[in-house]
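Below is one structure, written out as structure tokens; the observations come after it.
Quick note on labels: first sequence line is chain A, next is B, and so on, each numbered from 1. Below, each value reflects all heavy atoms present in this structure, side chains not excepted, and no hydrogens, waters or symmetry copies.
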Amino acid sequence: MDIKSTQADAYKLLHQGTLALARAERQGLRIDRKYCTQEQNKITELISNLEGELKQSSFYKEWTRSRGRKKLNIDSNAQLGEYLYEVCGHTPPKLTPSGLGSTDKESLKQLDIPEIQTILRIRKLKKIRDTYLKGFMKEQINGFIHPHFKLHTATTYRSSSSSPNFQNIPKRDKEAQKICRSALYPRRGHQLLEVDYSGMEVRASIFYHNDPTMKKYINDPDSDMHGDMAQQIFKIDDFDRSRPEHDTLRSAAKNGFVFPQFYGDYYGNNAPTLACSWGEMPENKRWESGQGISIGDEKNLGEHLVSHGFRSLKSFTNHVQDIEEDFWERRFEVYNQWKKDWWRKYQNQGYIEMLTGFRCHGPMSKNDATNYPVQGTAFHCLLWSFITVDKILTKKNMKTRIIGQVHDSIVLDVYPKELDKVCRLLEYVMTKKIRKHWPWVNVPLDIDADLGGVDESWNELEEYKFDEK
DNA sequence: GGAACTCGCCAC
DNA sequence: AAACGTGGCGAGTTCC
């Protein structure tokens, strides 16, 4: 048990991984060229209308005037920042790493200028058109794109992808998702299947720290880590995940506290994010009753929290600070101790070594030293599964092929008659066989799947339960 | 005219 | 005392 892999094992994974990824790359993904062109034209038309509208505004006219003889470029954030922060004298809500006033979406929204909405809309449309649709067309050969996957560039020994990047195609934003993913198809007569490891990074962290509380959260299907945190953060006594308003708070806790904390963030950043769950709240102001989402019983979250004594961001921040302390000093005490031990070990030996045998050298911050092994190892589980599934598909001469990978998921181009067989294979390799190969996998691994119909695009996937078949 | 940089934004 | 991890890429910009 608990036998770590050697550096030779790591090399083997890298080598076989590169070969398997190259096969996926060669396979590629069909794109609808006609759709891409039409959609690009539609967006161009939209943008030109929006730009025309913007140019009518006094905001734009003043901006132009302020530049004198210099040409104005709507796409230049340097010019926008100069106008907003130097000419108009707005205080930048945030600075960039180099110390200039930021013009990102977050900052611009806070300035509360109506024309800004148009600028943000244009930005978003250009991103979709130029990075994705144009990018697909640039890289396509005979109607197929062949995203490239590398294993030697990321410092964590994760993978990277390029030409085009397969790993950052819009998903969260539904409008962008639809436009971009509707361009991507399986081979004719085939269907797309995406299988992902659920909570892989959290589980990979357990391989290292073996924290009993976190293990219980993973092993006990009735427990709910994010729900518990939502309950604690927002002081909800009768928390019920099946209630939509409570599930919203659960997501807020998950994305605004739990995950950032795991990456090394702190309450000072978490509190303002969490505070947005019940409405925008400018610094130094106080909450009023009547603000925020409804939480049932004819109450809303604003009132609820005010009644618990949180009238200002400051008092809420203190509350989140207490929760952070409880989180690391009590709830996940063992995890916390591992972080300390691991950091000490890095300081002593000058490198860290993953369970998979990979070594990270070089200067690292505290957060780096504890994040790298988790992130790398989580990906290596996916990579091992990728290699193993690919080998079997090839060996058995199946028509199904793997076409890509997104850190904790595998994307396949499935021959419909092989669907059941492929699903059984994935289930077996990803949740069972891997535990025989790597005995330090000390918690069950779990997968979810999404399936598209025959000849349907990547936009059409729907949740697919293996065991109900 | 290309390399290298910043910034913003997409994914996990 | 300090304070969010990993990537790729387009556009603008600056430098050589």
Using a cut-off of 6.0 Å, state whether more than 12 heavy atoms not belonging to A/Arg359 lie near its atom CZ.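 Yes, because the 6.0 Å sphere around CZ of A/Arg359 holds more than 12 heavy atoms from other groups.
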**Residues, nucleotides or ligands: over 12 heavy atoms within 6.0 Å of A/Asn348 CG** =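 More than 12 within 6.0 Å, yes.
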Task: Sole residue of A/Phe136, A/Tyr185, A/Tyr132, A/Phe166 in ring pair (Phe, Tyr, Trp, His ring centres under 6.0 Å) with A/Trp458 - done: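 With A/Trp458 as partner, ring pair (Phe, Tyr, Trp, His ring centres under 6.0 Å) holds for just one option, A/Phe166.
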Touch class at under 4.0 angstrom, heavy-atom based, for [X] against every strand present:
X        : value
A/Gly268 : nothing
A/Phe166 : nothing
A/Thr370 : nothing

Hey, what's the ring geometry for A/Phe332 with A/Tyr335, parallel, tilted or perpendicular (30° and 60° as the breaks)?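 Ring orientation, 0 to 90° scale: perpendicular.
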Closest-nucleotide ordering on DNA chain C, the 5'-leading residue of A/Lys366 and A/Asn371: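 Result: A/Lys366.
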For A/Thr156 and for A/Pro164, locate the closest nucleotide of DNA chain C by heavy-atom distance; then report the residue assigned to the nucleotide nearer the 5' terminus.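 Result: A/Thr156.
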Heavy-atom contacts, protein to nucleotides 6-12 of chain B, under 4.0 Å, summarised as B (base), S (sugar-phosphate only) or - (none) per nt, yield SSSBBSB
- For DNA chain C, which nucleotides open and close the run of contacts to chain A, 5' to 3', at under 4.0 angstrom from a non-hydrogen atom?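 Endpoints of the contacted stretch of DNA chain C: C/dA3 to C/dT13.
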Report task. Give the C-alpha distance, both sets of side-chain angles, the deciding distance and a yes or no for side-chain hydrogen bond (donor to acceptor under 3.5 Å, both in side chains) between A/Ser315 and A/Asn318. Result -> CA-CA 5 Å; A/Ser315 62; A/Asn318 290 336; over 6 Å; no
*asked:* Restricting to side-chain contact (heavy atoms from CB on, under 4.5 Å), what partner residues turn up for A/Ser107, sequence neighbours left out?
replied: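 side-chain contact (heavy atoms from CB on, under 4.5 Å) list for A/Ser107, sorted by chain: A/Tyr85, A/Pro93, A/Lys94, A/Ser102, A/Asp104.
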Are A/Lys61 and A/Glu115 within salt-bridge range, i.e. N to O under 4.0 Å?
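So A/Lys61 does not pair with A/Glu115 through a salt bridge.
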_Closer than 4.0 angstrom, basic N to acidic O: yes or no for A/Lys126 and A/Asp130?_
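Result for this pair is no, no salt bridge flagged.
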